[in-house]
Amino acid sequence: MNKTISTILIVCYIAYPCFSQSHISTPEDLKSVSIDSCLSWMEHNAYTGKNLDNFHAIGLQTLKRSIETKDPKTIANIHETLANWFGYNGTFSPDSIVKHSEKALEYYIQSKDKTKIADTYRTLSIDYINVQKLDKAQDVLFKAIAIYEELKDESGLGNAYRTLGSLYLRMEDFDKSIAYTNKAIPILENTKNYASVAIAQFNLITSYGELGEFDKAYKAADYCLEIVRTKAADEVFIPVRAHSYRGDVYVKAKDYNNALKDFIKAWELCKANIGEERCATFRTEIGQVYLLQNNYEEALEHLSVGVKAYEEKGQNGIIQQYLDLSETYSKLGDFENAIRYKDKANTNATKILEDKITNLETEAVIKYETGKKDEALASQALLIEQKSKTQSLIIAVAALLGLLLLSLLYFFNKNKKATKIIRAKNAENELLLKEIHHRVKNNLEMVKSLIALQSAQMEDSASKDAMIASQNRVQSMGIIHQKLYQGTNLGSIEMKDYFLNLSEGILDTFNADDKVKIECAMNNLDLDVDTAVPIGLIVNELLTNALKYAFPKDKKGLISISLEKTNDHHLLLKVADNGIGKVKGLLPKGTGFGTQLVNLLTQQLNGKMTEFTKNGTIIEFDFLTDTAA
């Protein structure tokens, strides 16, 4: 169901009437015409797809002139036109669209034009959806609904409900998407807004397809195409999307022949109206079907062109297209490119998941739909209950993370022989092993982000500290796997560089960059993975402990780390700080889990720990590498 960012923008395309304007072809021509004429020219030429650089220059010059007039409605109109032009042409980043839409809203609010304020709230919600800011999309959309209800604006309300259906579609709540879309359609039909009725079918096609109700999805697609044919013939882009969405449903139904017909039809319609170059992203859909049909050469041709088009447009949030291209390269025996595109897909998937976690919001639709106080209170009660459950979940996650760390240590020891076998494999297996380390690193980054998000919600300082400590432990292991897939030696880690990376991450966690300096006074030293991981966890615990307790209030200080290998097969680790040291008679702070973990790891490495106070705290370890390795 993941479509391009331009999908929803095309969905919300507003066709301006065509009329002749003063002859404007360059920014110099603006001097002889009024701002209103310039704006009319922009509206008339915004959807031609031609002379983009020239249009941009004229648009910015017109905007500059309008700002000098200090007329908020004129300034808002120009920002709105630029936002629509950016979205239509797809050559600028979605952030540029959001920027102009937000400025348009700002000036419409100054003009006190409620209809334009509501319309801009709704279009801005679509822009927010495109950049994954679903919380902001929901907020401005509800504001639009409230104003439309106040104005008794049926057309606006119908489009707002349709957009709400699009929002729930993006949130993968398909039943609600169908419900609000079906609520919008009668209103839009009553106001004879047939283009919006056709566009609303997109929500139904995709939602029914995701729910496995294929016949209803096909029916919605047929109705969409029929409306355009009989009542909205000027809407040339709606059939493009209708064929594309129906092709997706055919893929889910495993009807690949019909899927290929629809995708090719969508591509051909798009090319006929706005040109082959700007429609190249549609070729990824065609390539996907060829891949499913095991026609790898055709799949590679279409997927390569389509993915390149996505990247050239700055639309880098794609996942499935990268995965399809990766699989195609793999089937053709090009494993290097297969891994490269798999890595790109993993990176984007992680970012999108983090954005979803960040933007999770409570369901407050009932409050805006009816305005009843009792329903609003019920929604608030549900929110409180969910927060209570979240707090319990956070505590459980913290406990499970402790077990996870101990389990990981166990499996590191169990996998020593497997690691040696893997090192002996050929170049292909080395690439696959790098991919494994990359995946592990990405998964650990995801766990770290989840912990960070959960800890931000906690009010209990002790629980929050435990979560931050767990976050740092996960980070220390993630850096190990990052170094493995980035380096040339899959079996060893360069410890000085690793310590520096680890230190930067921990300083950032405690926001202590300006307060504490961490030095790594040692030569380069390579260690095998099974030794590097527990040493990394030990250093992580000691750095965390020092930052928490050695430098109270605004006290500045220095922490030094050194690790060296002696001639008699010993490793000497030293972590020292010039903090306040241990205060006599004061009980240790914290839960004691970190101390237990350090002791356990020291025993694992057949080591001995010595601690003493001298102008701060110094902790030394002596590990015997013959038994640790």
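Side chains included, hydrogens not; waters and symmetry mates left out as well; all remaining heavy atoms used.
- Shown here are the side chain to side chain donor-acceptor pair (under 3.5 Å) partners of S330, two or more places apart in sequence or in another chain: there are none.
- Side-chain contact of Y341 with Q321: a donor-acceptor pair under 3.5 Å is absent, judged by distance alone.
- Between T120 and V140, the closest side-chain pair of non-hydrogen atoms is not below 4.5 Å.
- For the residue pair E102 and Y128, a side-chain donor N or O sits within less than 3.5 Å of a side-chain acceptor on the partner.
- Counting only N and O atoms by type, the side chains of Q320 and D324 include a donor and acceptor under 3.5 Å apart.
- Atom NZ of K136 sits about 12.0 Å away from atom CG of D127, to the nearest 0.5 Å.
- Remark: aromatic rings of F86 and H100 are close, center separation under 6.0 Å.
- How far NZ of K70 is from CD of Q110: 11.5 Å, rounded to the nearest 0.5 Å.
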task = Show the numbers, then the answer: is there a side-chain contact (heavy atoms from CB on, under 4.5 Å) between I535 and L571?
result = CA-CA 10 Å; I535 288 179; L571 277 174; 4.0 Å; yes
task = For the pair D528 and I493, evaluate side-chain contact (heavy atoms from CB on, under 4.5 Å) and give the outcome as yes or no after the intermediate values.
result = CA-CA 6 Å; D528 63 89; I493 304 295; over 6 Å; no
query = Can you list the steps and then say if L558 with V516 is a side-chain contact (heavy atoms from CB on, under 4.5 Å)?
reply = CA-CA 6 Å; L558 173 69; V516 178; over 6 Å; no
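- Between R170 and E172, none of the side-chain N atoms (NZ, or NE/NH1/NH2) sits under 4.0 Å from a carboxylate O, so this pair counts as no salt bridge.
- Proximity of a side-chain donor or acceptor of D173 to a complementary backbone N or O of L169 within less than 3.5 Å is not detected.
- Residues K99 and D95 are not in side-chain contact: their nearest non-hydrogen atoms beyond the backbone lie 4.5 Å or more apart.
- Remark: side-chain polar atoms of S125 are paired, donor with acceptor, to backbone N or O of R122 under 3.5 angstrom.
- The environment of NZ in K574 is sparse: at most 12 heavy-atom neighbours from other residues, nucleotides or ligands sit within 6.0 Å.
- Rounded to the nearest 0.5 angstrom, M495 CE and T531 OG1 are separated by 9.0 Å.
- The shortest distance between side-chain heavy atoms of D622 and L572 falls below 4.5 Å.
- Side-chain contact annotation: N599 with T602, donor-acceptor N/O pair under 3.5 Å absent.
- For T284 against V307, the heavy-atom pair with the smallest separation is CG2-N, 3.6 Å.
- Inter-residue side-chain proximity for V598 and M609 is flagged as met; some heavy-atom pair is nearer than 4.5 Å.
- Considering all non-hydrogen atoms of both residues, I78 and G59 come closest at CG2-O, 4.2 Å.
- When the options N578, L542, L543, L507 are evaluated for a side chain to side chain contact (heavy atoms under 4.5 Å, CB included) with I559, the one that passes is L543.
- Side-chain N or O atoms of S326 include none that pairs as donor or acceptor with a backbone N or O of Y322 at under 3.5 Å.
- Centroid-to-centroid, the aromatic rings of H79 and Y108 stay 6.0 Å apart or farther.
- Nearest heavy-atom pair across A576 and I618 is CB-CG1, 3.8 Å.
- Y329 meets the side chain to side chain donor-acceptor pair (under 3.5 Å) test with no other residue; sequence neighbours excluded.
- Contact between C520 and L500 at its shortest, heavy atoms only, is CB-CD2, 3.8 Å.
- In the model, D334 has a side-chain atom that pairs as donor or acceptor with a side-chain atom of N337 under 3.5 Å.
- Crowding of K515 atom NZ: a count of heavy atoms from other residues, nucleotides or ligands under 6.0 Å exceeding 12.
- Contact check for V575 versus S560: no side-chain heavy atoms found under the 4.5 Å cut-off.
- The line from CD of E311 to OG1 of T281 is 12.5 Å long, rounded to the nearest 0.5 Å.
- Listed for the S101 side chain is a donor-acceptor partner under 3.5 Å among the backbone atoms of I97.
- Applying the side chain to side chain donor-acceptor pair (under 3.5 Å) criterion to T566, with sequence neighbours excluded, gives D568.
- For the atom pair NZ of K143 and CG of L105, the computed distance is 8.0 Å after rounding to the nearest 0.5 Å.
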request  = Would you sort out whether L597 and I538 count as a side-chain contact (heavy atoms from CB on, under 4.5 Å), showing the intermediate values?
outcome  = CA-CA 8 Å; L597 181 61; I538 289 173; over 6 Å; no
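- Aromatic ring centroids of H56 and W85 lie under 6.0 Å apart.
- I561 places none of its side-chain heavy atoms less than 4.5 Å from the side chain of E519.
- Note that CD of E80 is 15.0 Å distant from NZ of K103, once rounded to the nearest 0.5 Å.
- Scanning both residues, K496 and N523, for their nearest heavy atoms gives CB-O, 4.3 Å.
- Residues Y168 and L134 have side chains not in contact (no heavy-atom distance under 4.5 Å, counting atoms from C-beta outward).
- Nearest approach of V98 to L124, heavy atoms of both residues: O-CD1, 4.3 Å.
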